[in-house]
2 protein chains.
Amino acid sequence: MGKGGQPKVLLVEDEPAQRTVLAYNLEAEGFAVTQADNGEDAMLLVDEEEPDIIILDWMMPKVSGIEVCRRLKMRPETRGIPIIMLSARAEEVDRIRGLETGADDYVVKPYSVLELMARARAQLRRVRPSTAGVVLEHEDIRLDPESHRVYRADKVLKLGPTEFKLLVTLMERPGRVFSREQLLDLVWGRDIYVDTRTVDVHVGRLRKSLMSHGGADPVRTVRGAGYSLG
Amino acid sequence: MGKGGQPKVLLVEDEPAQRTVLAYNLEAEGFAVTQADNGEDAMLLVDEEEPDIIILDWMMPKVSGIEVCRRLKMRPETRGIPIIMLSARAEEVDRIRGLETGADDYVVKPYSVLELMARARAQLRRVRPSTAGVVLEHEDIRLDPESHRVYRADKVLKLGPTEFKLLVTLMERPGRVFSREQLLDLVWGRDIYVDTRTVDVHVGRLRKSLMSHGGADPVRTVRGAGYSLG
DNA sequence: TTGGACTGTTACAGAACCGTCGCATAGGCT
DNA sequence: AGCCTATGCGACGGTTCTGTAACAGTCCAA
């Protein structure tokens with residue numbers, strides 16, 4: 001993982017317009033983006049940048065996306081990096097070939113940028129627990145996803161599962177205001193129907209837990225908008 | 001989003017004169033414009049160009065605007081693109097039909113170009129509320145939409161939700177004079193009935209907040225016209 | 001099965017905010 | 001100057017939003 005919890009993504013796409021759009025959105029979502037417009041550069045950049053995730057266009061001059069994918073999945077030191085393939089063709093055949101080659105997910109053009117973001121995040125979440133040493137920090141709060149433990153001022157806090165996920169989400173982007181709807185999406189899951197007020201209650205519980213050993217309230221309420229950390 | 005943060009708009013209008021005027025104005029306002037004069041081309045261009053927003057005429061030969069709208073809102077990958085419908089008819093029936101079809105906003109001809117611009121911007125804001133790193137600045141006022149924070153001379157200001165939205169609107173186009181009606185539309189949202197004097201009160205409150213730590217009044221009153229920033 | 005931990009919903013109180021009014025004042029025109 | 005209109009501003013009642021406690025249902029382990 002990149003420093004400061006900002007995940008590094010390697011974006012490989014030969015079409016400049018599409019690449020720019022994607023890079024912009026990825027950066028807006030808090031990714032650190034490295035770009036390449038061909039497979040050869042991509043291979044070099046993987047070693048150089050050690051990205052957390054790779055978004056890879058299928059069709060490219062010289063070394064194709066599928067070839068890059070195959071090579072990366074053969075090398076032990078790069079095998080663990082999640083790869084999302086982009087393809088203009090919708091045929092099922094390609095999808096299967098893509099996944100067989102080792103891609104972890106597959107998005108067909110024209111894709112929704114939002115969908116791609118969601119998939120990227122999902123892949124990161126999937127890989128993250130195994131990534132040792134990833135510790136989210138914000139002021140005196142420390143969160144270790146691996147051991148599922150949260151400390152505040154070096155004291156262990158006891159959080160329920162929902163409180164934990166909620167805190168993870170907030171800590172991934174401190175300062176950013178999340179609406180109740182966004183939090184429901186990110187913490188509870190997309191297609192779960194629960195009242196938005198539920199978010200308030202859990203924020204309250206999280207606050208209580210975070211302040212159980214003293215210390216100021218680190219969660220900020222933005223009236224009419226949502227919540228943020230700090 | 002287009003390069004350099006330039007939002008891409010797809011303009012679909014069969015009447016050449018109107019289309020040209022609109023395209024001109026949109027470009028002058030910083031949009032990257034793609035044009036189509038019928039629904040079929042529009043559908044193709046959506047996939048090709050991946051516009052950030054679509055301005056769509058209601059009446060068109062072959063595939064009508066409402067049909068284009070319906071189709072786009074059915075496809076998951078295009079559903080997220082905001083659509084503003086243009087119509088020559090003012091009947092309420094049409095308005096309702098338009099919104100039912102999934103259009104995000106609706107402007108009746110003859111429309112004010114400024115109003116249309118403002119609405120387009122408002123839609124973009126709605127879809128892309130996060131635009132990271134994009135911090136609005138004007139003189140010593142700094143506004144970060146992501147963290148929902150406002151600073152003046154590096155001091156944090158406390159604004160209510162309406163004051164905040166009002167300031168965002170003004171800061172997006174510093175120097176431009178907004179009428180009270182425009183501000184009501186953009187800040188409060190259309191189809192909200194409140195007295196235009198309410199705008200005055202909130203401008204007053206905004207001024208107070210902005211000057212709470214000293215500094216000159218950055219809001220300009222244009223007698224008989226409205227307000228502007230700077 | 002029992003008990004405990006956790007969750008989602010609801011109700012209620014307090015706080016923050018909103019829209020309107022009335023009046024004072026400033027601006028522009030003759 | 002004198003008049004008229006537009007604007008600034010304080011006050012007030014009403015509304016909305018948020019924090020919290022209480023409660024019932026679920027799940028799981030012992």
Side-chain angles (χ1 to χ4, degrees), chain A residues 148-150 156-170 177-212 215-230, chain B residues 148-150 156-170 177-212 215-230:
Chain A
H148 232 258
R149 280 217 175 82
V150 180
V156 181
L157 299 184
K158 195 177 155 306
L159 308 188
T162 309
E163 290 169 44
F164 184 82
K165 273 198 271 185
L166 183 56
L167 182 59
V168 169
T169 305
L170 291 174
V177 177
F178 294 90
S179 72
R180 290 171 175 74
E181 287 76 12
Q182 286 174 324
L183 289 174
L184 281 179
D185 259 21
L186 296 166
V187 175
W188 277 256
R190 231 150 269 276
D191 28 45
I192 302 291
Y193 169 68
V194 287
D195 198 281
T196 61
R197 286 308 310 277
T198 301
V199 176
D200 295 53
V201 178
H202 280 272
V203 167
R205 287 169 183 164
L206 174 59
R207 276 181 164 136
K208 198 175 186 178
S209 301
L210 286 172
M211 298 193 289
S212 58
D217 182 1
V219 180
R220 179 172 64 120
T221 302
V222 182
R223 180 172 252 260
Y227 300 95
S228 83
L229 196 68
Chain B
H148 233 265
R149 278 207 173 92
V150 181
V156 181
L157 300 184
K158 196 180 154 302
L159 307 188
T162 308
E163 291 168 44
F164 185 83
K165 275 195 270 186
L166 182 56
L167 182 59
V168 169
T169 306
L170 291 174
V177 179
F178 293 90
S179 73
R180 291 171 174 73
E181 288 75 14
Q182 287 173 332
L183 289 174
L184 279 180
D185 260 21
L186 295 167
V187 176
W188 278 255
R190 65 168 31 193
D191 47 52
I192 300 287
Y193 170 69
V194 286
D195 199 280
T196 61
R197 286 308 307 279
T198 301
V199 176
D200 295 56
V201 177
H202 278 273
V203 167
R205 286 170 183 163
L206 175 59
R207 277 180 164 137
K208 196 173 179 181
S209 300
L210 287 172
M211 298 192 289
S212 58
D217 182 2
V219 181
R220 181 170 60 118
T221 302
V222 182
R223 197 180 174 81
Y227 300 95
S228 82
L229 196 67

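Naming: A, B, ... by sequence-line order, numbering from 1 per chain.
The stretch residues 198-208 of chain A touches DNA chain C through A/Thr198, A/Val201, A/His202, A/Arg205, each having a heavy atom within less than 4.0 Å of the strand.
Across every non-hydrogen atom of A/Thr196 and A/Arg180, the tightest pair is O-CD, 3.9 Å. Between A/Leu170 and A/Tyr227, the shortest heavy-atom distance links the atoms CD2-O, 4.3 Å. Considering all non-hydrogen atoms of both residues, B/Val219 and B/Asp217 come closest at N-OD1, 2.9 Å. Contact between B/Val177 and B/Ala225 at its shortest, heavy atoms only, is CG1-CB, 4.1 Å. Counting all heavy atoms, side chain and backbone alike, B/Leu166 lies closest to B/Val187 at CA-CG2, 3.8 Å.
Between the CZ atom of A/Arg220 and the P atom of D/dT18 there is a distance of 13 Å, given to the nearest Å. Distance, A/Glu163 CD to C/dG8 C1': 14 Å, rounded to whole Å. Taking atom CZ of residue B/Phe178 and atom P of nucleotide D/dT7, one finds them 17 Å apart after rounding to whole Å. In this entry the distance linking OH of B/Tyr193 with C1' of C/dC18 reads 15 Å, nearest Å. For the pair B/Glu181 CD and D/dA6 P, the interatomic distance rounds to 12 Å; values are reported in whole Å.
The phosphate of D/dT7 has neither OP1 nor OP2 within less than 4.0 Å of any side-chain N or O from B/Thr221. The shortest distance between the side-chain N/O atoms of A/Trp188 and the OP1/OP2 oxygens of C/dT7 is not below 4.0 Å. Note on B/Lys158: a side-chain N or O is less than 4.0 Å away from OP1 or OP2 of C/dC17. Contact annotation: B/Tyr227 side-chain N/O to D/dG8 OP1/OP2 distance is under 4.0 Å.
With sequence neighbours excluded, no residue forms a side-chain hydrogen bond (donor to acceptor under 3.5 Å, both in side chains) with A/Thr198. Residues meeting the side-chain hydrogen bond (donor to acceptor under 3.5 Å, both in side chains) test with A/Ser209, sequence neighbours left out: A/Glu163. For A/Thr221, the side-chain hydrogen bond (donor to acceptor under 3.5 Å, both in side chains) criterion is met by A/Arg207, not counting sequence neighbours.
For the side-chain contact (heavy atoms from CB on, under 4.5 Å) test with B/Leu157, the passing option among B/Leu167, B/Val150, B/Leu206 is B/Val150; the others fail.
In the helix from C/dT1-D/dA30 to C/dT30-D/dA1, the end axes, each obtained as the rotation axis mapping the C1' atoms of four pairs onto the next four within a five-pair block, lie 30° apart to the nearest 10 degrees.
A/Phe164 comes within 4.0 angstrom of no nucleic acid atom, judged by non-hydrogen atoms across all strands.
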>> Can you build the contact string for nucleotides 22-30 of chain C? Use B for base contact, S for sugar-phosphate-only contact, and - for no protein heavy atom under 4.0 Å.
In response: ----BBS--
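Aromatic ring orientation, B/His148 versus B/Phe164: parallel (interplanar angle below 30°, classes split at 30° and 60°).
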> Going through the distances and angles, do A/Arg197 and A/Asp200 end up as a side chain to side chain contact (heavy atoms under 4.5 Å, CB included)?
Replying inline: CA-CA 5 Å; A/Arg197 286 308 310 277; A/Asp200 295 53; 3.5 Å; yes
